[in-house]
Structure formats: C-alpha cells, structure tokens
2 protein chains.
Amino acid sequence: MTSRRPTANFSASPHTLPAVAPRPTLRDVATAAGVHPATASRALNEATRVLVRPATVERVREVAAALGYQVNPIARSLKTSRSETVGVLVPDLTNPLFPPIVRGIEDALAEAGYTALTANTDNDPARTASSFAVMQARQVDGFIIATALLDDPLVHEAAQRGVPMVLVNRQTEHLDASVVAGDDATGIARTIDHLVELGHRDIAHVAGPLTVSTGAVRLRAFRSAMQHHGLPDDRIVVADSYSEAAGRTAALELLAGQPPTAVVAGNDLLAIGCYDALEESGLRCPDDVSVVGFNDMPLVSRLRPPLTSVRVPQYELGVEAARLLLDRLSGRTPTARVVLLPVSLVVRGSTAPPSR
Amino acid sequence: MTSRRPTANFSASPHTLPAVAPRPTLRDVATAAGVHPATASRALNEATRVLVRPATVERVREVAAALGYQVNPIARSLKTSRSETVGVLVPDLTNPLFPPIVRGIEDALAEAGYTALTANTDNDPARTASSFAVMQARQVDGFIIATALLDDPLVHEAAQRGVPMVLVNRQTEHLDASVVAGDDATGIARTIDHLVELGHRDIAHVAGPLTVSTGAVRLRAFRSAMQHHGLPDDRIVVADSYSEAAGRTAALELLAGQPPTAVVAGNDLLAIGCYDALEESGLRCPDDVSVVGFNDMPLVSRLRPPLTSVRVPQYELGVEAARLLLDRLSGRTPTARVVLLPVSLVVRGSTAPPSR
DNA sequence: CCTGAGCATGCAGTCGTTTGCAAGACACCG
DNA sequence: CGGTGTCTTGCAAACGACTGCATGCTCAGG
C-alpha cells in the first residue's frame, strides 16, 4: 500500500521548514480507526451520530482527537451548500454606531460556530448590490442588514427570493422579514417629556434622512409626542445625511429665524453639528438652546457640554439580530418578527431649563 | 437527454415562490457554448486563457455572461486549497482605533477580490488561538494581525510554519514577518519638541502596557527624546491597559507627588483618563498641566479641552497591510518588510505654556 | 506524401465530505 | 426453520471546479 499523497511539495520549495504535516482528512481518521469514511463522518456528526454504534463513535472520536482532525468546512460546504457563514452589510464601520452592533453579531454567531463576512456599503446602492452578490457567491447562509432603506428594492427582492435575512437598526416598509431595532418612538417620547418637564415649549427637530427608517420613525415620533403635549410640531429641518456637516447645515437653517429653546437631533452626529451651528451663531448650549442626541455614542459624555442622548443597546441589537437569524437558519421560527429593544434617556449637561 | 437536476426541492416546500433558478454551473456554460467544461474553465480563467483559441474564449465568455455565471468559490477553494480570504485579528472592534484600520483592510482586499474574516480577541491569548485555528480551518490564505504581543508565541509559531502574515499597528520582537505601523518614535519626538518649545521641562509619561510594542516603543522614544533635550526621563508610570480607567489610575499616581507640567499619554484613552485624574485632583488642563494623546481618535477634537494628539493614518495602515499581504500571497516580494507610515502632531487646546 | 511540431480541446481523476441505498449480522417470532 | 425487523456499516455517487495527460488537428518542411 503506497501513500496516496504526492511528495511534490518537497521539490517545489526545497528549503522550507520541516514539511508542514498536511492536516489529516476524514479518510485518515477512518483508516486509523479501521472504519469506512462514511462511518467516520456519521460518528463525528452530531445529527447522524445515532446511526452508529456507541463503541464505534467513541473510537472514531478518540482517533480524530489524537490526530487533531478538524473537518474541512470548504469540502463540507461544497457538499451541503451551506457555509455556516453570514453576510453583514453595514454603511460604514467607521461610524461609531456600528462597531458595537457588529461586535454583538460576531460574538453571537461565533457561539454557534458561525462566522461573519462584513462589508461596508457607504450607503451606495451599487456597492450594496455588489457586496450582496459577492457574498451570495460565497454561499453565505443568510444576511444581517444594517443598511436597509425605507424602500429598498434589493432587500425586497432578496426577501421575495426567500433569502434568510434579518434587518438591524433600520427597517424597510411592507417587508416580511425580521427586524431588530431600538424602540425609537419611546426614546423620542421620553426626550420630549424631559424637555417639557424642564419647561421647554419651543422645541425643534433636526431629522435624519427620511430615506431610512430611523429618520422617518423619529420624525413621526417627534410629531406625535409634541401633539401629545399640545405643542406645535412643525419646527422641523431634515438633514440629508447622518453627519456633523449635515447637522450643522440643518441647524443653521433652524437658527436663521427665532431660535427654538431646544433641539432634538436625529442622532449624535447631527447633535454635534448643532453644537457647531450654535457656536457659530453666538448661542450657548444649554444656556440658550438645549440639545439632545440619539444613540449615546462613545465619548459623547465627554463633549462640551456632555450630550444628553438616548442610549440604544447596540451590542444587544447585534446579538439579537444574530440569534434571530440563527433561529431562522435552523428551521425554528421561520416566521418574521419585529423586536424592539428598550432604550433609555441619559440626561447630561446639554439640556437645561429654557432661559426665555 | 434528461435533466441531471433533481426536482425534489419542489416537494420540499411546495408553497415557495417561482422556484429559485439554481445558479448555473461551469458545466451549464460549457454545454451551452458547445465545449467541454475543462475548456470553459480555461477560457474563463485569466491565467489559462492563452491555452484556448480566442474565438472559443469569446464564445464561452458571452455564454457565461448571458447565463449570469459566477464561479463557485467553494468548489474552487476545495480544488486549489486557496480561499481568497484572509483572517483579521483585532483586540476589540469597539475600540475606536480599529474600525478605520479594518475598513482600510477590507477596502484593499475587496479591490483584489479577497474577503476579510474578522475576529475580536479581547487581548485574550486563548481566544486568539481559537480564532486563529477556526480561520485556518476555513482555509484563509493569510492573516493580518493587530493583536500581536511583543513576545507572542502564537505569532512566532505561525511565522515559523510559514503562514503568510502581516502585523499591523503592533509588532513582535525578533520576527521575520512584515509589519505596518505608524512611526511612533517620531510622533513622540515631535510631541516632546512641541512641549519643550512651549517651555515645559517637567514632562511625564503615562505609558501603555509594555507587553505590546506600542507601549514599549513609545516609552523608549519618550526616554530618548527627553535625553535629547537634556531633560530627566524618569517620570514614568505604566498603565496596565489602554483604557480610560487605567489612564486615570496611572495619572493619579503621578499626581500624588509634585505634578509635572505636562503629561504625554500612551494613547488617547489614557489621555482621557488623565483628564479625569486632573479634574479629581483639582487641576486644570491645560492651565496647570498639559496633556497629549496618541492616535487622534474621532471626537477627541471635541473634548474639553480639545486634545492635542498624534495623528496616525489608520485607514492607510490597513490598506498598506492588506497590500503587503496580497503581494506576499501572489508570490511577489516574499521577503518581510517593515513599513512605518508618517504621523503628525495635531496641536489643540490641551497643550499650553506651563504656568510654573 | 510522410513526419514532427504546435496548438486546441477532450478525458477523467481529484479536492474532502455527505448521504441514499444496499447488504450483512443478529434477534425475534410464528 | 424461514421470514421480518432493527442495527450497523460499507459502497459509491455526488457537490463544482481545476489540471495533467492524451488526442486530434493543422501545417510546414523535407
């Protein structure tokens, strides 16, 4: 019986170190254990283990351990056309909102033996589509999407094709897919409560882009909370992206007329833009105008003044999204669910009673 | 000729939509183009294209495009035992230092058709080892490691086994592997120059942990820069992690005696810890004590006071690391290189002339 | 006209697993 | 004692692409 392994690699690079032992294959394990590869496969596989005699299972497992056998996920994927891998689409990892979410996703996936493939889309539909395609080619078992637009053809099409999928943070309308997000409406309501309690009546909203759900949902929540308090709900400017620059521009527009006594920003970056605009307009926060952010990003507690913001449990958002997807992949709970995680208002130095 | 495809999936879920067209395989393309799969493979593959008649190449490519054929990377990997995937090990994605690096890596990899697999190790050797193993099992072609310890057995062993690998941000001693990092020594030297120019002579250093190269390198650079200016180089406290809490603790120790007029922190988080310690000690920055950070993380420009810090081109660090690895994988430049990217001191409000 | 070179393509095995099918072993029952 | 199960295991065919080798063709040179 001759070795079935070519030794050509020796001649290929004669000066390499002690000939890396090629990782053992299932066949090696089977041979060493004196069984057929098929039996070894069944013995090593949780689901099929019952098919083989316990004593044999034991023997195979021991041999596998001794040889340091690890299944080759590539070969398995080829056969099963599953990859234990999921695609994660985020707008931009560099935006402080997303790292905790991604981290949560990766931790939860790893626990189940899954791996995440991450791509940044920069909110560009073309990049999104191409990343999506690449990931599908790589046989990902499903997607976690943090880039969804309110009306997102890609997401709709994928959902219709039955691609397993969970949306996180942002939703898409009229979609039969699971979503995990913060309870934005309640967050905004608490914010308004807080401001009204301080005595504010003239409250404005710098909304995020209305093409994504967070922008639209928070805007709607702002309106209804204001109405609930019997206050005017029409002091609104929509920023065209979630960035400091867009926040500054929007806030300047707001401050052109009679400044409000408080501004509720669509997220923390917009809030920081408001800080800039206030400073440029010679107004002080919170003395002249209170500002509230959303997301409670790292370091916002250390701004001047420390930013009052709505804390969203980002890490948990990621964990929950991953769990939902895993459930879906394992066949349990095939039905779509919407999970809203509780948020909380963190009051800091950027909100104070109005001076007027 | 009958279809070789089972139609069992219909019965499996009779209510699903229009039967997802299974993605075409190389065999489909070959049949449609009237050639053998082998020929189709050669026609579609850059390297082997020369082996087939131009007219045939053209025909195959057209058919492939028409059918929307995409190679199945899994099958290819199985055969070639390459995966066009690289493993990326970072301590914690949640630390603002890393997202830009990871982003740079992913962008540069994507350009070459490669994909990144990211794992967070929390600086835990056990987690690091296990992530490393999982990634190897997934046949990654190489690693980009941002978690290296100064003396890192795992890294050493991998290097010895010939695993393609690039270290980023942190180095390991006595290692024959490529490294991409910021030019920390120069960054520290510029910092000291700046402080000395302002009139400081009593300058302390809150060093990062000496188990990682950034801690050790910056400490050494601090010493030599101080000596260069003929100043005492022994006001040093070592923090035991790169965190705000560790920075605070270290700084409090420093302030227990006669406070220095300036503190050079090992990174921005440590600098923020210094802010805390100063405040607790009733000292003001920069009036009583100047503080300098390192890395120039997002938002440090908006702290109170805005932090003077050394800007490190993190995104470029990632890009360069990815390029180096790709070069290595493609067989070019198999020799290890150390690339130090230039850094720059960004002077803000946390540094001022000493009051004493 | 024959031969050999050179090009273009086909053939078939292989990468490492999984899995439907079948066969052998054994026990049990009528 | 033969038939019918139940267990356990082996056989072999996939999954989709790559690749060494063989084959057939064309064409030039002698």
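Because the structure is a prediction, the values reported are computed rather than measured. Letters A, B, ... mirror the listed sequences (proteins, then strands); counts begin at 1.
- At whole-Å resolution of the value, CD in B:Gln70 and P in D:dA17 are 11 Å apart.
- At a cut-off of 3.5 Å, with distance as the only test, no side-chain donor of B:Ser178 or B:Arg328 sits close to an acceptor on the other residue.
- The shortest distance between side-chain heavy atoms of A:Val102 and A:Val90 falls below 4.5 Å.
- Residue contacts shown for B:Ser77 are absent, as no nucleic acid heavy atom lies under 4.0 Å away.
- Regarding A:Arg82, its CZ atom lies at a distance of 10 Å from the P atom of C:dT18, rounded to whole Å.
- Here the C1' atom of nucleotide D:dT9 and the CZ atom of A:Arg49 are 17 Å apart, to the nearest Å.
- Computed from coordinates, the A:Arg53 CZ to C:dC26 P distance equals 11 Å when rounded to whole Å.
- Note on A:Thr80: every side-chain N or O is 4.0 Å or more away from OP1 and OP2 of D:dC15.
- Checking A:Thr121, A:Asp122, A:Thr147 one by one against A:Arg127, the side chain to side chain donor-acceptor pair (under 3.5 Å) holds for a single residue, A:Asp122.
- Distance, B:Glu46 CD to D:dC18 P: 13 Å, rounded to whole Å.
- Side-chain contact between B:Leu109 and B:Leu326: present, with at least one pair of heavy atoms (C-beta onward) separated by less than 4.5 Å.
- As rounded to whole Å, 13 Å separates atom P of C:dT18 from atom CG of A:Leu51.
- Axis angle between the ends of the helix from C:dC1-D:dG30 to C:dG30-D:dC1, five pairs each and rounded to 10 degrees, works out to 70°.
- In summary, A:Asp327 and A:Arg323 do not engage in a salt bridge, as defined by a charged side-chain N under 4.0 Å from a carboxylate O.
- One atom, CD1 of B:Ile74, and another, P of D:dC18, lie 13 Å apart when rounded to the nearest Å.
- Distance B:Arg27 CZ to C:dG10 C1': 14 Å, rounded to the nearest Å.
- B:Leu26 comes within 4.0 angstrom of the backbone, heavy atoms only, and of no base.
- Every residue two or more places apart in sequence or in another chain that forms a ring-ring contact (aromatic ring centres under 6.0 Å, His included) with A:Phe132 is listed here: A:Phe143.
- B:Arg61 CZ: 12 or fewer foreign heavy atoms inside a 6.0 Å radius.
- OP1 or OP2 of D:dA17 lies within a sub-4.0 Å distance of a side-chain N or O belonging to B:Thr25.
- For the pair B:Val52 and A:Ala75, nearest-nucleotide mapping onto DNA chain C gives the more 5' position to B:Val52.
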Verdict with reasoning, B:Leu167 to B:Leu175, per side chain to side chain contact (heavy atoms under 4.5 Å, CB included): CA-CA 10 Å; B:Leu167 267 36; B:Leu175 184 75; 3.6 Å; yes
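- The pair B:Glu46-B:Arg49 meets the salt-bridge criterion, with a side-chain N (NZ, NE, NH1 or NH2) lying under 4.0 Å from an Asp/Glu carboxylate O.
- For DNA chain D, the neighbouring residues in residues 32-45 of chain B, judged by any heavy atom under 4.0 Å, are B:Ala38, B:Ser41, B:Arg42, B:Asn45.
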